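Below you'll find the structure, written out as structure tokens, and then a few comments.
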Protein chains: 2
Amino acid sequence: MPLPHPLGVDGIVAFADSERMSLPLDTILEGDCIAGMNRLPAGSVDLVFADPPYNLQLGGDLIRPNATRVDGVDEDWDRFANFAAYDAFTRDWVAAARRVLKPDGALWVIGSYHNIHRVGTILQDQGFWLLNDIVWRKTNPMPNFMGTRFTNAHETLLWCARSAEARPTFNYATMKALNDDLQMRSDWMLPLCVGQERLKTDGRKTHPTQKPESLLYRIILATTRPGDVVLDPFFGTGTTGAAALKLGRHYIGCERDPDYIKAARARLAEVGPAPDPALLVTPSRRTEPRIPFGALIEAGMLKPGQTLFGGARRAHAAIIAADGTVCCGSVRGSIHKVGAQVQEALACNGWTFWHYEDETGALLPIDRLRERIRAEI
Amino acid sequence: MPLPHPLGVDGIVAFADSERMSLPLDTILEGDCIAGMNRLPAGSVDLVFADPPYNLQLGGDLIRPNATRVDGVDEDWDRFANFAAYDAFTRDWVAAARRVLKPDGALWVIGSYHNIHRVGTILQDQGFWLLNDIVWRKTNPMPNFMGTRFTNAHETLLWCARSAEARPTFNYATMKALNDDLQMRSDWMLPLCVGQERLKTDGRKTHPTQKPESLLYRIILATTRPGDVVLDPFFGTGTTGAAALKLGRHYIGCERDPDYIKAARARLAEVGPAPDPALLVTPSRRTEPRIPFGALIEAGMLKPGQTLFGGARRAHAAIIAADGTVCCGSVRGSIHKVGAQVQEALACNGWTFWHYEDETGALLPIDRLRERIRAEI
DNA sequence: TTTGTAATTGAATCTCATC
DNA sequence: AGATGAGATTCAATTACAA
């Protein structure tokens, strides 16, 4: 009988249940991220945020016009022999992340043009479903000193669900509120991590690619709920953990480098408590309890036989039936269905289309009555 | 002796020299783009611009809030059985483009998150060297009607050289001049192709995905020299040809659809030699930095749960929520809306009304923080 | 003729609970 | 699992048309 391959279906390393840990909330797992993730139970985290090595393939030193040397990323962890090696590395961590994600969980990856296409292709090949690609536009990018290309002024983030059928969290109303009541777009203008925010060790930057907390703030606020678990397989100095704690979420980090871990632990110990959960969510019509139209009749706000009006200058009229349907000529059905039919439209929101006459004879949308019921709950 | 495989090294179809044509300048080659490119001499064109099918995989109908239907892309040419089929298609046209390019020639591809990672990976695998990824930020994108994702407000372009050693053309000074004497960044803000520019046939759009000339203008201006030859394997209605002619370059287009070819020929016959100044769409830096209140929270300048004060002697107080709204009693909304409500006024400029407490306990208007963010941009 | 308002439209992977 | 039905949901720019 053949031995089982160490990588099972979906590239998942087989672990005995006894070796698995229960979810170690707000903890940094020391060591390789794949080993770390494989110790966690399957289907246990709500969000993965990954900032993997970019495989930058930098050549020699880059010298600024003023003869200073650019401090590029030349850490060992960013060296790969070739694209095949980088792809293999990517496939492994993506598979491990896939295993620990809940079915409706989501994954974010950040990268640059050097690596993001390898990552995006592998995500699609493993069944992830891309939801958006997000452009992080940097307010203060490094210029192109040689004048040979366009200023590389952005990085790319991919947001994807575990499958096309999954229903990942998206706090639409929160993002809209955050953007002055306009839909949040796929291009985000945010500054680099510099100044006070940038962690330093002996006067030098602790981590070469520390991300700004503002970026993680938006990601976690948009795509998780308070209390959710956010896993970062390339934890570094803990930006993901800091943003998660500040927003009332839990983090789990994987990191190999003891210096990064030390810096992250010190940083996370300083983070204060999260604000009142009510301040962390945005109320919206979608999140409010559902009120059937019939409840307005049961509450005595509307009466069977009463007339509703729709469209400009009472263009359409419908009679309310005792069962909460409305009738307009030979058409009978829900307020939405009849609203669509009389307008010959593909769809209609009956709550805003239909109006009732108040005591003064003024026309008011029936949605006012629904609001009144909701206020009483 | 075995017959030679029809696809030689690098996926190039073997043509007898007698079948090859000399370079057919300013011409549309009718038929499949791979056959068309294979009829051209190797190493003969300076630039390839490709706008291949995106493989959008759209589902059912999408209905707008105003109950009309979105006219999505459902053309046959955008249907692929799966990623493998799309990858094979991409490998073939990329290989054919690679053959016709001069050694120092360059290639541009435009795409969206649906396909761009497949294309980018294949370009790297075939030896192309990515120079920049460019983000086309749309001034007027289609919104996300259902409120399910971030507004998909951009497309991605990849600019690459034929090899890492190649020295492709980049008109650095021209780009800098075009951008108010600042280096041109990798994110370009340009409008969609709408209005007069959009080609119509019998009142309906001739091509579902016609690109704006301003985009091609910038690409050709930046990465070719006058007299250069620009090849577009997916010519469509000839935007690339029009921009090339206006800039004193030559075009060669490949196109299968007779209707598109007819429209392109009519369009190109109208093109005069002078460049259209309207194509120099320079972003106006004055109008750009709109700072939503939420940006102050994301920047860490204000924290969820913190109190803002308004009016004389802290007459009003409001708590900041994580989404950038503020709460005052049962009222929750933008700084402007809540400011107006607590004063029982019709309107209010929240930026000047609300104040925060600094480290010394002094009250400062929140507009100070906005000014600080603006100064950093 | 001018001005104000309504209608149209753009590469879109666009719901969710219940039966 | 698939069908059904309630009901939530849009920004910027241009064109058309009414006043």
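Just so it is clear: chains get the letters A, B, ... in the order the sequence lines come, proteins before strands, and each one is counted from 1. What you see is a predicted model, and the numbers here were worked out from it, not measured in a lab.
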Need one value for [X]: base, sugar-phosphate or nothing, where a base atom within 4.0 Å counts as base even if backbone is also close, heavy atoms only.
X        : value
B:Arg64  : base
B:Trp77  : base
B:Arg149 : base
A:Lys176 : sugar-phosphate
B:Gly195 : sugar-phosphate
B:Ile110 : nothing
B:Pro52  : base
B:Thr209 : base
B:Asp78  : base
B:Gly60  : base
A:Phe293 : nothing
B:Asp51  : base
A:Arg370 : sugar-phosphate
A:Leu130 : base

Open item on the list: What residues from residues 344-352 of chain A pass a heavy-atom cutoff of under 4.0 Å to DNA chain C?
Closed with: none

Pairwise [atom1] distance, [M] and [N] [rounded to whole Å]:
N      : M      : atom1 : result
D:dT10 : C:dA7  : C1'   : 14 Å
C:dG10 : C:dC14 : C1'   : 15 Å
D:dA1  : C:dC16 : C1'   : 15 Å
D:dG7  : C:dT18 : P     : 12 Å
C:dT1  : D:dA18 : C1'   : 14 Å
C:dA12 : D:dT9  : C1'   : 14 Å

Open item on the list: Taking the side chain as everything from C-beta on, heavy atoms only, tell me whether A:Asn171 gets closer than 4.5 Å to A:Thr282.
Closed with: no

Whole angstrom is fine here: how far is it from [atom1] in [X] over to [atom2] in [N]?
X        : N      : atom1 : atom2 : result
A:His336 : C:dC16 : NE2   : C1'   : 13 Å
A:Gln124 : C:dT13 : CD    : C1'   : 10 Å
A:Asn132 : C:dA12 : CG    : C1'   : 11 Å
A:Tyr172 : C:dC16 : OH    : P     : 14 Å
B:Ile63  : C:dT9  : CD1   : P     : 14 Å
B:Asn66  : C:dT9  : CG    : P     : 10 Å
B:Arg118 : C:dA11 : CZ    : P     : 24 Å
B:Gln57  : C:dC14 : CD    : P     : 10 Å

Task: Base of C:dA11 paired with side chain of B:Lys205 (donor-acceptor, under 3.5 Å) - done: no

Ion pair check, [X] and [Y], cut-off under 4.0 Å:
X        : Y        : answer
B:Glu155 : B:Lys138 : yes
A:Asp104 : A:Lys102 : no
B:Arg118 : A:Asp125 : yes

TODO: Measure from the side-chain heavy atoms of B:Asn144 and tell me the nearest of C:dA11, C:dA12, C:dC14.
DONE: C:dC14

- [ ] Both distances under 3.5 Å, Watson-Crick or G-U wobble: on that basis, could you give the dot-bracket string for DNA chain D, with [ ] for crossing pairs and | for other-strand partners?
- [x] .|||||....|||||||||

- [ ] For B:Val73 and for B:Gly147, find the nucleotide of DNA chain C with the closest heavy atom, then tell me which residue's nucleotide is more 5'.
- [x]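 Looking at DNA chain C, the more 5' nearest nucleotide goes with B:Val73.
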
TODO: With DNA chain C as reference, determine whether B:Thr148 or B:Gly203 sits nearer its 5' end, using the nearest nucleotide of each.
DONE: B:Gly203

Does any donor atom in the side chain of [X] or [Y] lie under 3.5 Å from an acceptor atom in the other side chain?
X        : Y        : value
A:Thr174 : B:Asp323 : no
B:Asn115 : B:Tyr86  : yes
B:Arg267 : B:Thr239 : yes
B:His336 : B:Ser334 : no
B:Thr237 : B:Thr206 : no

- [ ] Indicate whether OP1 or OP2 belonging to C:dT13 is found under 4.0 Å from a side-chain N or O atom of B:Tyr113.
- [x]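 Yes, because at least one side-chain N or O of B:Tyr113 sits under 4.0 Å from OP1 or OP2 of C:dT13.
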
Open item on the list: Under 4.0 Å from OP1 or OP2 of C:dA11: is there any side-chain N or O of B:Arg198 that close?
Closed with: yes

- [ ] Could you please spell out the steps behind the side chain to side chain donor-acceptor pair (under 3.5 Å) verdict for A:Asp133 and B:His154?
- [x] CA-CA 9 Å; A:Asp133 58 338; B:His154 74 275; 3.0 Å; yes

Task: Result of checking B:Tyr251, B:Tyr260, B:Phe49 against B:Phe235 for ring pair (Phe, Tyr, Trp, His ring centres under 6.0 Å) - done: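 Of the listed options, the one satisfying the test is B:Tyr251.
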
Open item on the list: Under the criterion salt bridge (Lys or Arg N to Asp or Glu O under 4.0 Å), I'd like the reasoning laid out for B:Asp259 against B:Lys262: C-alpha separation, chi angles, the key distance, then a yes or no.
Closed with: CA-CA 5 Å; B:Asp259 294 333; B:Lys262 190 179 164 195; over 6 Å; no

Open item on the list: Quick check: on DNA chain D, is the nucleotide nearest A:Asp367 upstream (toward 5') of the one nearest B:Asn140, or the reverse? Name the residue that is more 5'.
Closed with: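 Counting from the 5' end, the first nearest nucleotide belongs to A:Asp367.
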
Open item on the list: Quick check against the 3.5 Å criterion: does B:Gln210 have a side-chain atom that pairs as donor or acceptor with the backbone of B:Leu199?
Closed with: yes

- [ ] Identify whether the glycosidic angle of C:dT13 places it syn (within 90° of 0) or anti.
- [x]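 Here the answer is syn: the torsion falls within 90° of 0.
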
Open item on the list: Centroid distance below 5.5 Å plus an interplanar angle below 30 degrees: do A:Trp129 and C:dT13 meet both conditions?
Closed with: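 Base of C:dT13: stacked against A:Trp129.
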
TODO: Name the first nucleotide and the last nucleotide along DNA chain D (5' to 3') that come under 4.0 Å of a heavy atom in chain A.
DONE: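 Nucleotide range with atoms under 4.0 Å of chain A: D:dA6 to D:dA12.
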
TODO: Kindly indicate, with the supporting measurements, whether the criterion salt bridge (Lys or Arg N to Asp or Glu O under 4.0 Å) is fulfilled by A:Asp367 and A:Arg285.
DONE: CA-CA 11 Å; A:Asp367 205 24; A:Arg285 237 186 324 199; 3.4 Å; yes

Open item on the list: Counting only heavy atoms from other residues, nucleotides and ligands, does the tally under 6.0 Å from CZ of A:Arg225 exceed 12?
Closed with: no

